[in-house]
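Reckoned from all heavy atoms, side chains included, excluding hydrogens, waters and symmetry mates.
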Amino acid sequence: MTDLKKTPLHSLHVELGAKMVPFAGFDMPVQYPLGVKAEHLQTREKAGLFDVSHMGQVRLTGNNPAKALEALVPVDIIDLPEKKQRYALFTNEQGGVMDDLMVTNEGNDSLYVVVNAACKDQDIAHMKANLPEDVQLEVLDDRALVAIQGPEAKTVMARFAPETEKMVFMDSVHMTIEGVDVYISRSGYTGEDGFEISIPEADADKFCRMLLEQPEVEFIGLGARDSLRLESGLCLYGHDLDTETTPIESSLIWAISKIRRNGGDRAGGFPGADKILSQIENKDFTRKRVGLMGSSRAPVREGTEVVNSEGEKIGVVTSGTFGPTIGAPVAMAYVPTEYAALETEVFALVRGKKLPMTVSRMPFIEQRYYRG
């Protein structure tokens, strides 16, 4: 436990009574005295504040970093408008997913990139090994990262920075709030409207206390973060995405920009392009990530076997929990394509008992991103 890293907000979590657990090499809050269910509903109904400083923040500058990064992802980075953010994927030569990430065009040939905590070191090494010499990579390890999420997040942020009200989903902006230099995007990992805020490490505690003083805001731990993202159909790398599974098998075809697909102006040119583009064109894949919803109240956890009506194993749950907003078990699993149609009935094998589950549309609840 002693070699766990700590975020700049660690002492604040402890002060507020958080239960701390190891996560991606960090000592992180899994829940606060409020409890996971109440934290989940707090975010859906008001506003929740999340410490995501364990994630990697990187800046790419130099000679056309957009062109350089685009060679590593199946996404349109070159035409990403200034002050806009986009979801992207690092793929390997076999077409598998190495990580998912967020990329922002800061303008002036500068990209701001956020990668997952568990993949941070390998992602940075991957970029350093594959970016040309005239593109510089700076690790922003002197900054914290927090997210304020929920229907009241916009009200809270407008008190301190009225200009944030004009932002729409995936907008980003540099600004000063109460003397603190922040970098804000209107995005998040809960399915709710909200903002992600990069803050200098030295100002993180003060800035978060300021937000927590607002009556709408509570700190939220990893437990509720997981149930919130799962209800919203959002993948967790290392669980729902991995190096053995392509974006198409992962039901992320929407994340492959049309300009990078066959017939597009910049088709291919990314690792694993042949396999990924063949799967789009020819549908030559045999399994798919689906959403499952249960009819009982028993949660179906990660690792649970999925079987057909004859009891034959057809897949495994990659993420699963009881959805507090929905009031039912929700899960993601990989199943053969013949079982992937909506409304197909399959069964989760829980303690030897077959629990019926239905292949359901994701997200399980309506996403409420603010698009203007």
| message | Exactly one of N64, V75, D76 should register a side chain to side chain contact (heavy atoms under 4.5 Å, CB included) with E70. Which one does? | response | D76

| message | If we check salt bridge (Lys or Arg N to Asp or Glu O under 4.0 Å) with D193, which of these qualifies: R186, K46, R368? | response | R186

| field | Q279 versus T246, side-chain donor and acceptor atoms under 3.5 Å | value | yes

| task | Quick one: pull up CE in M170 and OG in S187 and give me the separation to the nearest 0.5 Å. | result | 6.0 Å

| Residue pair N63 / D109, side-chain donor-acceptor N/O under 3.5 Å | no

| remark: Here the pair of heavy atoms bringing G95 nearest to T91 is O-CG2, 4.5 Å

| request: Answer with yes or no whether the side chains of H13 and D51 bring together a donor and an acceptor at under 3.5 Å. | output: yes

| message | Hydrogens and angles aside, do T245 and R287 bring a side-chain donor and acceptor to less than 3.5 Å of each other? | response | yes

| task | Please name the residue in the list V103, L140, V58 that meets the side chain to side chain contact (heavy atoms under 4.5 Å, CB included) test with Y112. | result | L140

| field | Step-by-step ring pair (Phe, Tyr, Trp, His ring centres under 6.0 Å) determination, F169 to Y370 | value | CA-CA 5 Å; F169 184 54; Y370 179 69; over 10 Å; no

| task | Indicate whether the side chain of R225 and that of T43 have a donor and an acceptor atom separated by less than 3.5 Å. | result | no

| field | ring-ring contact (aromatic ring centres under 6.0 Å, His included) partners of residues 221-257, not counting sequence neighbours, each pair once | value | Y87-W254

| said: Taking R44 first and then E231, would you say they form a salt bridge - that is, a charged N and a carboxylate O separated by under 4.0 Å? | reply: yes

